[in-house]
Amino acid sequence: MGAAFDLAFDPWDPAFVADPYPAYAELRAAGRVHYYEPTNQWLVAHHADVSALLRDRRLGRTYQHRFTHEDFGRTAPPPEHEPFHTLNDHGMLDLEPPDHTRIRRLVSKAFTPRTVEQLRPYVTRLAGELVDRLVENGGGDLLTDVAEPLPVAVIAEMLGIPESDRAPLRPWSADICGMYELNPPEETARKAVRASVEFSDYLRELIAERRKQPGEDLISGLIAAYEEGDRLTEQEMISTCVLLLNAGHEATVNATVNGWYALFRNPGQLAALRADHSLIPSAVEELMRYDTPLQLFERWVLDEIEIAGTTIPRGAEIAMLFGSANHDPEVFRDPGRLDLTRRDNPHISFSAGIHYCIGAPLARIELAASMTALLQKAPGLRLTAEPKRKPNFVIRGLEGLTVDVG
């Protein structure tokens, strides 16, 4: 077993956050599992282990369906954080069967291949309009002008959130997602609590309106399912909507800007993509692998497991390093090289097992639509300033990406 704290893994070091991939190589070389004292977690860095653990039912996103905080030697969250935890803990990402199964079955109806495919014309049109505006302005911030508004609008449209109400969605989401970082400070918690209260209050009102006047949207569908006898509490409905908004755009936003920044730093690959737009599907997959938007995913050990001779006891927490798994040379040939023609690409950026990202097909459509629009309408797109990376480690992104259209 390697001692992670003797290695270069330091999620609060700006140099590590800027480029964690060399440190991951050290972790993989040093062993299969490492106890990391600052977060009281076991780090798992190899693709085979991460992939297996994501499917291992001895692990869970929560333990509260089977154990108390005391059983796990954990203290309950402070009462002032309660609004965040109430919101978070009732979303299907943080539930285990049978609750997870019940809610996912209902939500899956909105994400069938047919339903997602029906969204393609809307996504394509919106991506084109956003890029047209960028071109008219001669350039701008790819983050705020294209990457953010596209997936936020799509998921808001699916949920039935009116356009006039959408401005606070991204700030609420950003504040809530701050709590998914490692050891978040108290100020982050305060912002998350405030956003949780405001977002929940807004959705409660919207749900009440949809009960009176149903539409074709997902919220109306969840209400109808509830009224037909599928058990779904109002809190589960609210938490599901917030999860869909957060998960439905956060990774797509960061995959877009991380991806274009990677292309600008690899001009040969960008030139190949400009010359051959049929590479777009494999480019989307490779860019998701190359600079992974969600670097770490956590699981609780519900029943003792063993990894390469190391026993991980019940009550421990495992941190699976997606970014490291996606750069494992045992799975990816020359993983540090961006290769848009890479065919064998089993990246785990969308997770795996029962918590596999339900919106992955939609995310792929969104990423391909914005990439296609930018390649077609702004073929001379170029970076005009070196971007600043967000200080976050778990959710990896940029503060902005300033471009002009050449």
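No experiment lies behind these values; they were computed from the predicted model shown. These values consider heavy atoms only, across backbone and side chains, with no hydrogens, waters or symmetry-generated copies.
A salt bridge links Arg102 and Glu236; the closest N-O separation between the charged side-chain nitrogens and carboxylate oxygens is under 4.0 Å. Of the charged side-chain nitrogens involved, at least one lies within less than 4.0 Å of a carboxylate oxygen, so that Glu129 and Arg125 count as a salt-bridged pair. Taking the charged nitrogens against the carboxylate oxygens, Glu250 and Arg170 do have a contact shorter than 4.0 Å, which makes a salt bridge. The existence of a salt bridge linking Arg58 and Glu304 is excluded, since no basic side-chain nitrogen approaches an acidic carboxylate oxygen closer than 4.0 Å. Taking 4.0 Å as the cut-off between side-chain N and carboxylate O, Glu136 and Arg133 do not count as a salt-bridged pair. With respect to the salt-bridge test (charged N to carboxylate O, under 4.0 angstrom), the residues Glu399 and Lys390 do not qualify. Here Arg265 does not pair with Glu386 in a salt bridge; the nearest charged N to carboxylate O distance is not below 4.0 Å. We find that Arg120 and Glu117 are joined by a salt bridge, their nearest charged nitrogen and carboxylate oxygen being less than 4.0 Å apart.
Inspection of the Asp94 and Thr62 side chains reveals no N or O donor paired with an N or O acceptor under 3.5 Å. With 3.5 Å as the limit, one finds a donor-acceptor pair spanning the side chains of Trp172 and Glu198. Side-chain N/O atoms of Gln41 and Thr39 include a donor and acceptor closer than 3.5 Å. Side-chain N/O atoms of Asn246 and Ser173 include a donor and acceptor closer than 3.5 Å. Side-chain N/O atoms of Glu186 and His81 include a donor and acceptor closer than 3.5 Å. If you check the side chains of Asn345 and Ser282, you find no donor sitting under 3.5 Å from an acceptor. Remark: the Thr310 side chain and the Arg32 side chain contain no N/O donor-acceptor pair separated by less than 3.5 Å. Looking only at atom types and distance, the side chain of Glu148 has no donor-acceptor partner in the side chain of Thr144 under 3.5 Å away.
Looking at Thr256, its side chain never comes within 3.5 Å of a backbone N or O of Ala147 through a donor-acceptor pair. Within the 3.5 Å criterion, the main-chain N or O of Val197 finds no donor-acceptor partner in the side chain of Ser200. Formation of a donor-acceptor pair under 3.5 Å by the His65 side chain with backbone atoms of Leu95 is not found in this model. Between the Asn258 side chain and the Asn254 main chain, a donor and an acceptor come within less than 3.5 Å of each other. In terms of modelled atom types and a separation under 3.5 Å, the side chain of Ser220 and the main chain of Gly215 share a donor-acceptor contact. Arg61 places a side-chain N or O within 3.5 Å of a backbone atom of Leu93 that can act as its donor or acceptor partner.
For the side chain to side chain donor-acceptor pair (under 3.5 Å) test, residues two or more places apart in sequence or in another chain that qualify with Arg66 are Asp303.
Taking the six-membered ring where the residue is Trp, Tyr180 and Phe84 present tilted rings, their angle falling between 30° and 60°. In this pair, His347 and Phe350 present their aromatic rings tilted. The plane angle is within the 30 to 60° band. Taking the six-membered ring where the residue is Trp, Phe393 and Tyr24 present tilted rings, their angle falling between 30° and 60°. Classification of the His327-Tyr290 ring pair by plane angle, with boundaries at 30° and 60°, yields tilted.
No close placement of the His34 and Phe9 rings is indicated, their centers lying 6.0 Å or farther apart.
Taking the side chain as every heavy atom from C-beta outward, Pro293 and Phe322 never approach each other to under 4.5 Å.
Note that OG1 of Thr402 and CZ of Arg382 are 12.0 Å apart. Values are rounded to the nearest 0.5 Å.
Cation-pi contact between Arg342 and Phe332: absent, since separation from the ring centre below 6.0 Å together with deviation from the ring axis within 45° is not met. The cationic atom of Arg204 (NZ for Lys, CZ for Arg) does not lie both less than 6.0 Å from the six-membered ring centre of Tyr202 and within 45° of the ring axis.
Put simply, the residue from Asp217, Leu244, Leu362 that forms a side-chain contact (heavy atoms from CB on, under 4.5 Å) with Met158 is Leu362.
For Leu401 against Pro387, the heavy-atom pair with the smallest separation is CD1-CG, 3.8 Å.
Residue Gln118 qualifies as enclosed at atom CD: its count of foreign heavy atoms under 6.0 Å is above 12.
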